[in-house]
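So the structure is just underneath, and the comments pick up after that.
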Amino acid sequence: MEPPKNFRISHLSVRPSNPTLDAEKYNQIALEADGEKHFEQIMREVEPRLKRLRYAKLPNTSSPLVFVDLGLSRSVPATQMGQAFNRLLHIYAEILTSKTNVLLIDEIENGIFSESLPLIWKGLFAICEQQNVQIFATTHSRECIMAANLAAEDRKKDELSVQRLQIVNGNIEAVRLGEKHLEMAAEMGLEVRS
Amino acid sequence: MRPAEESSLERPITTEGQLLVEGRVPEMFFREMVAAYDLENLLEVRTFGDISKDNLQTYLEIFAQKAAFKQKVKRLGIIRDAEGEPAVSAFQSVQAALRGAQLPVPGEMNKMEGAPLGAGIYILPNCQDVGMLEELCLAAATEAEKGQPNGVFPCVDDFFSCLEKRGRNASNPAKSRFAGFALACDVIDPQLGRAAQKGVIPWHTNAFDTLKSFLQKVAGQ
């Protein structure tokens with residue numbers, strides 16, 4: 001089946017993001033009508049203290065960065081914020097600049113402290129809904145799967161499907177794990193990855 | 001983490017026979033029982049948590065979809081008790097969970113049915129009466145003690161009649177009597193599983209024959 005016209009697919013690899021590139025993408029978004037406002041609104045899901053985001057370059061530096069106004073006396077570079085904040089900044093900037101319909105993210109948990117994962121997923125669900133994007137993410141992390149399920153449960157919108165890929169007698173097969181399976185796995189401490 | 005403390009599903013599936021039981025205490029108990037009958041290399045025991053049709057079905061759906069299950073397991077046994085309901089109701093509840101999980105459904109208790117995967121259901125205490133595992137163990141312990149001059153049951157029974165005279169009735173007589181028996185055998189933890197680990201269950205008594213034969217079927221003997 002042919003994809004619809006103008007259907008776009010983007011991907012993010014496991015490599016760490018480049019803060020300058022993210023800043024350039026943010027700047028591009030900020031130039032659009034209400035671009036800043038939308039971006040800040042979504043980032044506030046993971047950082048409620050956020051007042052404003054700004055694209056700026058410090059004196060005597062050559063690379064612009066995104067600066068975060070948290071209501072303190074000075075804005076701080078986004079690179080000084082937590083991993084969840086930066087990972088989401090990277091993903092959101094990609095979604096909003098590429099105007100993608102589908103985003104593939106390899107090893108989504110890569111480099112993220114497990115306690116930040118629920119926030120990451122909360123933010124991802126929010127932007128997927130806002131931008132009408134579908135994310136296909138891979139992970140080896142049990143915490144990541146459980147965090148996604150927790151975030152999905154909170155939203156009560158049946159937005160998550162977890163597929164485990166496994167090899168059975170030499171063939172790769174996909175097994176769907178529903179919400180009730182993940183809930184039981186969380187309650188009983190069961191393994192869902194194999 | 002020591003093996004005994006690991007979650008059941010996280011232990012690898014390595015035998016063709018798999019036995020699912022209801023809760024941690026029966027899991028400990030049946031591990032000892034399997035070892036007592038030399039079935040350890042043929043049969044692994046896991047708990048599916050607290051019984052409810054939905055819980056068991058969900059557990060079965062997770063368990064039976066695992067790659068190792070699909071590649072290795074040939075026989076699946078499920079044991080639960082008939083506490084507070086007829087054995088046939090408990091049996092039908094397990095049948096429904098198996099059916100819901102799209103696994104073979106045995107038509108009778110204590111019988112393995114299906115191929116290449118077979119499934120069997122055993123309802124404690126004896127696939128017939130209302131009751132629980134403790135009653136079966138008490139029957140076995142009574143049998144083992146028969147004719148012995150220094151049996152503990154007279155002391156256990158005296159203890160409970162003394163309490164009854166003072167208006168203190170056990171809410172679950174079978175569990176209480178078993179706890180009294182375990183204590184009399186110097187097992188301070190009254191849980192059935194701990195008593196089994198401490199070696200006070202007489203495995204080789206006639207009371208366990210039917211249950212033993214079920215385990216042997218799941219083990220493929």
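Here the structure is a predicted model, which means the values were calculated and not measured. Chain letters run A, B, ... following the sequence lines, proteins first, then strands; residues in each count from 1.
Judged by distance alone, the side chain of A/Gln166 and the main-chain N or O of B/Gln65 form a donor-acceptor pair under 3.5 Å.
Once rounded to the nearest 0.5 Å, the distance linking OH of B/Tyr59 with CE of A/Met188 reads 5.5 Å. Note that CE of A/Met184 is 8.0 Å distant from CG of B/Leu56, once rounded to the nearest 0.5 Å. Taking CD of A/Glu179 as the reference point, atom OG1 of B/Thr58 lies at 11.5 Å (rounded to 0.5 Å). Going from atom CZ of B/Phe63 over to atom CG of A/Leu190 covers 10.5 Å, rounded to the nearest 0.5 Å.
Only the backbone of A/Ile167 has a heavy atom closer than 4.5 Å to any heavy atom of chain B.
Atom CG of B/Asn172 is surrounded by more than 12 heavy atoms from other residues, nucleotides or ligands within 6.0 Å. Environment of CG in B/Asp186: sparse, with no more than 12 heavy atoms of neighbouring residues, nucleotides or ligands closer than 6.0 Å. The local environment of NE2 in A/His11 is sparse, with at most 12 non-hydrogen atoms from other residues, nucleotides or ligands closer than 6.0 Å. Dense packing is recorded around CZ of A/Arg44, with more than 12 heavy atoms of other residues, nucleotides or ligands lying under 6.0 Å away. More than 12 heavy atoms of other residues, nucleotides or ligands lie within 6.0 Å of NZ in B/Lys217, so this atom counts as buried by the packing criterion. No more than 12 heavy atoms of other residues, nucleotides or ligands sit less than 6.0 Å from atom CD1 of A/Ile172. Counting heavy-atom neighbours within 6.0 Å of B/Gln102 CD, excluding the residue itself, gives a total of 12 or less.
When A/Leu177, A/Val192, A/Val175 are compared by the number of non-hydrogen pairs under 4.5 Å with chain B, A/Val175 comes out ahead.
A salt bridge links B/Lys70 with A/Glu173; the closest basic N to acidic carboxylate O contact falls under 4.0 Å.
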> Can you check side chain to side chain contact (heavy atoms under 4.5 Å, CB included) on B/Gln57 and A/Lys180, steps first, answer last?
Replying inline: CA-CA 10 Å; B/Gln57 182 178 325; A/Lys180 62 176 184 170; 4.1 Å; yes

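In this structure the side chain of A/Arg164 reaches within 4.5 angstrom of the side chain of B/Lys66, judged on heavy atoms.
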